[in-house]
Amino acid sequence: MKLNRKDLLGIQELSVEEINLVLDTAESFLEVSTREIKKVPTLRGKTVVNLFYEPSTRTRTSFEIAGKRLSADTINISTSTSSVVKGETLIDTAKNLEAMNPDIIVIRHSAAGAPHILAGLLRQSIINAGDGAHEHPTQALLDMMTIRSKKGRIAGLHVAIVGDIAHSRVARSNIHGLSKMGAHVSVAGPATMIPRDIEKMGVRSYTRIEEAIRDADIIMMLRIQTERECQSIFPSLREYAQFFSLNRRNIDLASKEVLIMHPGPMNRGVEISPDIADGPRSIILDQVTNGVAVRMALLYLLTGGGNP
């Protein structure tokens, strides 16, 4: 089976079969990262451009590592050192990149819909590495891979997502993906951080963390997206931590086998206490490991590959 699409722009547009294809392919690529020589010739001769208009550590690095482990030529472009600072538009930048004939362009942008614009203009495959507060599909895919590998399934699990839901592209992509795969999703956060129509996405919404995480199999904590907030929407970090931090006092409300996730970067002591983040229930670093495999799978599938 092949991924019969040119671009990966969001989880909302993917079918269950396509999600399973990506996850299955990613699992087959996990072994490459354990070899002494972590490289296969799968994408030799292909070129991947990482175009990041926003800061990134995990996503950008894992895309670069993924490309190099598949033997692709990988180019990183940071807008702070590009012609963007001279006033070049996104479309002009993209058209110039197209003229250099790469195979895949991975883009992160602060404007929702930016990857969709490029997908309609360029012949290259476009991968959305995060567009504003809209979607972050590769993060959701690696999260689903991590849950499936640890729990053996996604269907029927209770997943609680806690934090700044309104401004989180990770939350939005995970809600789409986890719901499609049969999980029961609940969200929690201050009322100012919960979209009014969130329940139309098929989730249960709460304004107390205790209600959302009760009997949860997975708890996914999110950081406060201060860079996307137009004004202060909560009194203070101390008050936020008091009411919405995951800690020893409230984690026992969840399932005894609960697993803790976080897309990063973490604000320790704000949305999650250090002992929980580093404790035996945490699978945060597993998410990072699986992120490389998922991005390897996507680069492979979007260049025409089937299951390796």
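Below, all heavy atoms of this structure are taken into account, side chains as well, without hydrogens, waters or symmetry copies.
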K.L.:
I need the Asn20 CG to Ser15 OG distance, nearest 0.5 Å.
P.N.:
8.5 Å
K.L.:
Assess whether side-chain contact (heavy atoms from CB on, under 4.5 Å) is satisfied between Arg204 and His184, documenting all intermediate values.
P.N.:
CA-CA 8 Å; Arg204 290 167 291 182; His184 306 291; 3.7 Å; yes
K.L.:
Given the rule that I, L, V, M, F, W and Y join up when any side-chain heavy atoms are under 4.5 Å apart, are Ile219 and Val270 in one cluster?
P.N.:
yes
K.L.:
Give a yes or no on whether a salt bridge exists between Glu13 and Lys6, defined as a side-chain N under 4.0 angstrom from a carboxylate O.
P.N.:
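Looking at Glu13 and Lys6, the cut-off is not met.
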K.L.:
Could Arg268 and Asp278 be called an ion pair, given the rule that one side-chain N must be under 4.0 Å from one carboxylate O?
P.N.:
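A salt bridge is present here (some side-chain N lies under 4.0 Å from a carboxylate O).
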K.L.:
Give me the one residue out of Thr59, Asp131, Asn50 that meets side chain to side chain donor-acceptor pair (under 3.5 Å) with Arg108.
P.N.:
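Going through Thr59, Asp131, Asn50 one by one, the side chain to side chain donor-acceptor pair (under 3.5 Å) with Arg108 is satisfied by Thr59 alone.
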K.L.:
Using only atom types and a distance under 3.5 Å, with no angle test, would you say the side chain of Arg153 pairs donor to acceptor with the backbone of Ala155?
P.N.:
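Yes, Arg153 side chain to Ala155 backbone: donor-acceptor pair under 3.5 Å.
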K.L.:
Using 4.0 Å as the upper bound for N to carboxylate O, is an ion pair formed by Asp103 and Arg123?
P.N.:
no
K.L.:
Ignoring hydrogens and geometry beyond distance, is a side-chain donor-acceptor pair present between Asp286 and Thr289 at under 3.5 Å?
P.N.:
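There is no such pair (donor and acceptor under 3.5 Å, judged by atom type) between the side chains of Asp286 and Thr289.
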K.L.:
Leu122 and Lys95: side-chain contact (heavy atoms from CB on, under 4.5 Å), yes or no, with the steps?
P.N.:
CA-CA 7 Å; Leu122 308 183; Lys95 283 292 188 181; 4.2 Å; yes
K.L.:
Determine whether Ile218 and Val203 fall in the same hydrophobic cluster, where Ile, Leu, Val, Met, Phe, Trp and Tyr are linked whenever their side-chain heavy atoms lie under 4.5 Å apart.
P.N.:
yes
K.L.:
Among side-chain atoms of Arg248 and Ser273, is any donor-acceptor pair under 3.5 angstrom?
P.N.:
no
K.L.:
What I want to check is whether the side chains of Glu271 and His262 have a donor and an acceptor closer together than 3.5 Å.
P.N.:
yes
K.L.:
With a 4.5 Å cut-off on side-chain heavy-atom distances among I, L, V, M, F, W and Y, is there a chain of contacts connecting Ile276 to Val258?
P.N.:
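Looking at the clustering, Val258 is in the same group as Ile276.
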K.L.:
If we ignore angles and hydrogens, is there a donor and acceptor under 3.5 Å between the side chains of Asp143 and Gln287?
P.N.:
yes
K.L.:
Quick one, Glu31 with Arg69, criterion salt bridge (Lys or Arg N to Asp or Glu O under 4.0 Å). Give me CA distance, side-chain angles, the key distance, then yes/no.
P.N.:
CA-CA 11 Å; Glu31 181 268 337; Arg69 287 187 179 166; over 6 Å; no
K.L.:
Step by step, would you call Ile104 with Lys46 a side-chain contact (heavy atoms from CB on, under 4.5 Å)?
P.N.:
CA-CA 8 Å; Ile104 294 179; Lys46 301 290 186 181; over 6 Å; no
K.L.:
Test of understanding: clusters of I, L, V, M, F, W, Y form through side-chain heavy atoms closer than 4.5 Å, transitively. Do Leu30 and Leu301 belong to the same one?
P.N.:
yes
K.L.:
Take Arg5 and Glu18 through the test side-chain contact (heavy atoms from CB on, under 4.5 Å) and record every step on the way to the result.
P.N.:
CA-CA 10 Å; Arg5 57 176 64 242; Glu18 287 175 312; 3.0 Å; yes
K.L.:
Please report the closest heavy-atom contact between Ala140 and Ile11, naming both atoms and the distance.
P.N.:
CB-CG1, 3.8 Å
K.L.:
Counting only N and O atoms by type, is there a donor-acceptor contact under 3.5 Å from the side chain of Thr47 to the main-chain atoms of Pro102?
P.N.:
no
K.L.:
Quick check: closest heavy atoms across Leu3 and Leu21, and the distance to 0.1 Å?
P.N.:
N-CD2, 3.6 Å
K.L.:
Is there a donor in the side chain of Arg214 and an acceptor in the side chain of Asn250, or the other way round, less than 3.5 Å apart?
P.N.:
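Result is no, nothing qualifies.
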K.L.:
I would like to know whether His109 and His116 meet ring pair (Phe, Tyr, Trp, His ring centres under 6.0 Å); could you show each step before the answer?
P.N.:
CA-CA 11 Å; His109 202 283; His116 301 70; over 10 Å; no
K.L.:
Quick one: CG on Asp217 to NZ on Lys150, what's the gap to the nearest 0.5 Å?
P.N.:
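Asp217 atom CG to Lys150 atom NZ measures 15.5 Å (nearest 0.5 Å).
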K.L.:
To the nearest 0.5 Å, what is the distance between CD (Gln12) and OG (Ser173)?
P.N.:
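One gets 9.0 Å once the value is rounded to the nearest 0.5 Å.
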K.L.:
Can a donor-acceptor pair be found between the side chains of Glu64 and Asn76 at a distance below 3.5 Å?
P.N.:
yes
K.L.:
Quick check against the 3.5 Å criterion: does Ser245 have a side-chain atom that pairs as donor or acceptor with the backbone of Gln242?
P.N.:
no
K.L.:
Look up atom CG in Asp7 and atom CG in Leu302, then write down how far apart they are to the nearest 0.5 Å.
P.N.:
7.5 Å
K.L.:
Looking only at atom types and distance, does a side-chain atom of Arg223 sit under 3.5 Å from a main-chain N or O of Gly264, one as donor and one as acceptor?
P.N.:
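Here the side-chain-to-backbone pair does not exist.
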K.L.:
Any salt bridge between Glu88 and Lys86, counting N to O under 4.0 Å?
P.N.:
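The answer is no: the pair does not qualify as a salt bridge.
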K.L.:
Under 4.5 Å between side-chain heavy atoms, hopping through other hydrophobics if needed: is there a path connecting Ile91 to Ile77?
P.N.:
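Linked within one cluster.
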K.L.:
Are side-chain N/O atoms of Thr146 and Asn290 paired as donor and acceptor at under 3.5 Å?
P.N.:
yes
